Each structure stands twice: as structure tokens, then as C-alpha cells.
Amino acid sequence: MSVVDTGADLHEAHRDNHTHRDVTGGWLRPAVFGAMDGLVSNLALMTGVAGGAVSQQTIVITGLAGLAAGAFSMAAGEYTSVASQRELVEAELAVERQELRKHPKDEMDELAALYVTRGVEPELAGEVARQLSLDPEQALEIHAREELGVDPGDLPSPLLAAVSSFGAFALGALLPVLPYLLGATELWPAVLLALLGLFGCGAVVSRVTARTWWFSGLRQLVLGGTAAALTYGLGTLFGVAVGG
């Protein structure tokens with residue numbers, strides 16, 4: 001017996017199944033990668049120092065200093081980067097706003113030509129451009145999206161970016177230090193917790209990639225573990241060299 005799907009059934013099936021993940025990553029990507037950066041850098045720093053056969057106190061101080069320095073550096077760098085990007089976009093928006101005010105007809109024709117290149121019939125493209133250009137702010141938003149690839153009403157916040165980067169990095173960098181703060185006297189609990197954190201971060205990253213959670217987790221674990229092993233080896237060599 002054949003089953004005939006109605007148009008409504010097909011519409012419901014398409015609506016339920018035709019969904020996409022956030023390919024831009026949204027807040028998840030910078031948060032996870034910030035935490036991962038803190039994890040890898042502080043783990044590598046602490047294992048490098050530990051390789052030099054220093055005291056437990058020195059390792060803890062190194063980890064805390066690495067956490068603070070890295071978090072402040074990330075926050076300052078992210079603030080400057082996002083602020084500079086926003087200022088550039090705002091300058092370009094000012095230019096576009098001025099062009100819309102001085103040459104509205106040319107800007108409308110430019111928008112119509114853009115729609116034509118995308119397959120819209122010239123007459124219809126001209127009418128769409130005319131109607132969209134009736135509101136100056138809407139016209140600015142459309143031109144900004146089409147020409148600059150930005151949304152004037154959704155520009156990134158430098159302060160939010162800085163605070164997010166600081167918090168994510170600090171959280172990741174805290175993991176290798178945490179066992180020592182809880183009373184551990186050897187390096188391996190810190191390494192174990194950090195490696196588990198790396199696997200967890202990698203697994204979360206799979207939400208914004210096409211990879212499986214276990215592949216992303218293992219990949220990050222291997223990369224972070226390799227970095228820690230190499231810096232431990234270098235710390236041992238430096239310790240021997242300086243001590244000798």
C-alpha cells in the first residue's frame with residue numbers, strides 16, 4: 001500500500017527536519033576556545049616549570065601568575081581588537097549614510113543592480129529597491145548588509161568581548177592549578193584534570209563543527225597533552241643546564 005503525503009504533511013516534515021546549527025559559533029565558540037587557550041597555555045607553563053625540578057610553591061605561583069597574566073592579556077587584546085573593528089565599521093557606515101543622503105538615486109540604482117545580479121528581473125528589482133529606500137535607516141541597514149556584511153544594529157561590544165575572554169581564559173587556566181589549591185603535592189593530578197578539561201572542551205567544540213564529540217575531544221586532548229609533554233621536556237633540559 002502506497003502512502004501519499006499531503007502538502008501539509010510535507011511542510012511539517014520540512015519544518016521539523018530542516019534546521020541548522022549556528023555556523024558562526026555565536027557565544028559558544030569564543031567561550032570554549034578562550035577556555036581551551038587558558039587550559040593549554042597554563043598547563044604547558046606549569047609543566048615546563050615543573051620539569052625544572054622546582055618546589056611545589058613555585059609551580060602554584062607560576063600557575064596563578066599565568067592565569068592572571070593570560071586573562072588580562074586576552075581581555076586587553078580582545079577589547080582593542082573588537083573596538084578597532086567596531087570603529088572601522090562605524091566609519092564606513094557614516095560614509096554610507098552620507099552617500100544615501102547626497103546621492104539617494106544612485107544608491108537606489110546600485111541596490112537594484114545588486115538584486116538583478118542575483119536573478120531578480122530588472123523591473124521588479126527597481127521597484128523593490130525603491131520601496132526599501134523609502135526609509136533611510138532601513139536603506140542604510142540593507143546597504144550595510146549587502147556591501148559591508150554587517151548589521152548596524154548588532155555591532156559587537158568591546159566590553160562584553162573583553163569580559164567574556166577574561167572569564168573564559170581564567171576558567172580554563174584555573175583547572176591545572178586547582179588540584180594544588182585543594183592540597184595536591186604532585187603534578188599528575190593537575191595534568192589529569194587538565195587533560196579531562198581539554199577532552200571536554202574539544203567535545204563541546206563539536207557542536208560548531210561537523211566532527212563527532214569523541215573525535216574533537218581526543219584531538220584536543222592529544223594536542224594539549226603534546227604541548228604539555230614538550231614543555232616539560234624543555235623545562236627538564238633548562239633545569240639541568242641552569243643547575244649544572
Side-chain angles (χ1 to χ4, degrees), residues 1-34 36 77-165 168 202-213 215-216 219:
M1 179 183 296
S2 62
V3 178
V4 179
D5 291 329
T6 64
D9 292 337
L10 290 174
H11 174 73
E12 290 296 328
H14 181 270
R15 186 183 65 183
D16 293 340
N17 295 306
H18 192 73
T19 58
H20 297 284
R21 290 173 294 179
D22 181 7
V23 296
T24 64
W27 63 268
L28 179 64
R29 185 180 185 279
V32 172
F33 279 91
M36 198 178 297
E78 196 70 16
Y79 184 91
T80 302
S81 174
V82 173
S84 299
Q85 179 185 10
R86 181 172 180 135
E87 290 164 2
L88 174 61
V89 171
E90 288 175 342
E92 291 300 315
L93 288 175
V95 171
E96 190 64 35
R97 186 179 285 108
Q98 186 176 20
E99 289 298 310
L100 284 167
R101 186 172 58 253
K102 288 185 175 181
H103 310 288
K105 180 64 167 59
D106 292 339
E107 291 295 313
M108 186 175 65
D109 291 342
E110 181 181 294
L111 190 59
L114 176 63
Y115 291 141
V116 170
T117 63
R118 295 186 176 180
V120 181
E121 295 180 357
E123 184 177 349
L124 178 58
E127 179 61 19
V128 170
R130 185 191 69 79
Q131 292 188 30
L132 293 176
S133 300
L134 293 177
D135 182 353
E137 287 304 312
Q138 178 177 254
L140 175 64
E141 181 179 331
I142 294 170
H143 279 274
R145 287 178 174 174
E146 297 292 350
E147 298 176 24
L148 303 176
V150 298
D151 183 351
D154 191 28
L155 297 182
S157 166
L159 182 59
L160 178 60
V163 172
S164 300
S165 296
V204 173
V205 167
S206 67
R207 292 190 57 184
V208 292
T209 68
R211 296 292 188 179
T212 60
W213 64 270
F215 178 88
S216 295
R219 178 174 58 184

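Remember, it's a predicted structure, so these values are computed and weren't measured experimentally.
- Judged purely by atom type and a 3.5 angstrom limit, Ser84 uses its side chain to pair as donor or acceptor with the backbone of Thr80.
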query: For Leu93 and Leu148, what are the C-alpha separation, side-chain angles and deciding distance, and is it a side chain to side chain contact (heavy atoms under 4.5 Å, CB included)?
result: CA-CA 9 Å; Leu93 288 175; Leu148 303 176; 4.1 Å; yes

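- Under the 4.5 Å side-chain criterion, counting only non-hydrogen atoms from C-beta, Glu141 is in contact with Arg145.
- Within the model, atoms OG1 of Thr212 and CZ of Arg219 stand 9.5 Å from one another, a figure rounded to the nearest 0.5 Å.
- One finds the CG atom of Leu111 at 4.5 Å from the NE2 atom of His143 (value rounded to the nearest 0.5 Å).
- Between Asp106 and Glu110, every side-chain heavy-atom pair lies at or beyond the 4.5 Å cut-off.
- A distance of 6.5 Å separates CZ of Arg86 from OG of Ser157, quoted to the nearest 0.5 Å.
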message: As a quick check of understanding, evaluate side chain to side chain contact (heavy atoms under 4.5 Å, CB included) for Leu155 and Val89, giving each step before the final call.
response: CA-CA 8 Å; Leu155 297 182; Val89 171; 3.7 Å; yes

task: I would like to know whether Val163 and Leu160 meet side chain to side chain contact (heavy atoms under 4.5 Å, CB included); could you show each step before the answer?
output: CA-CA 5 Å; Val163 172; Leu160 178 60; 5.5 Å; no

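- Cation-pi geometry between Arg118 and Tyr115 is not met: the NZ or CZ atom fails to fall both under 6.0 Å from the ring centre and inside 45° of the normal.
- Residue Ile142 holds its CD1 atom at 11.0 Å from CG of Asp151, rounded to the nearest 0.5 Å.
- For the residue pair His103 / Glu107, no side-chain donor-acceptor distance below 3.5 Å is found, with atom types taken as modelled.
- A distance of 11.0 Å separates CD in Glu96 from CD in Glu146, rounded to the nearest 0.5 Å.
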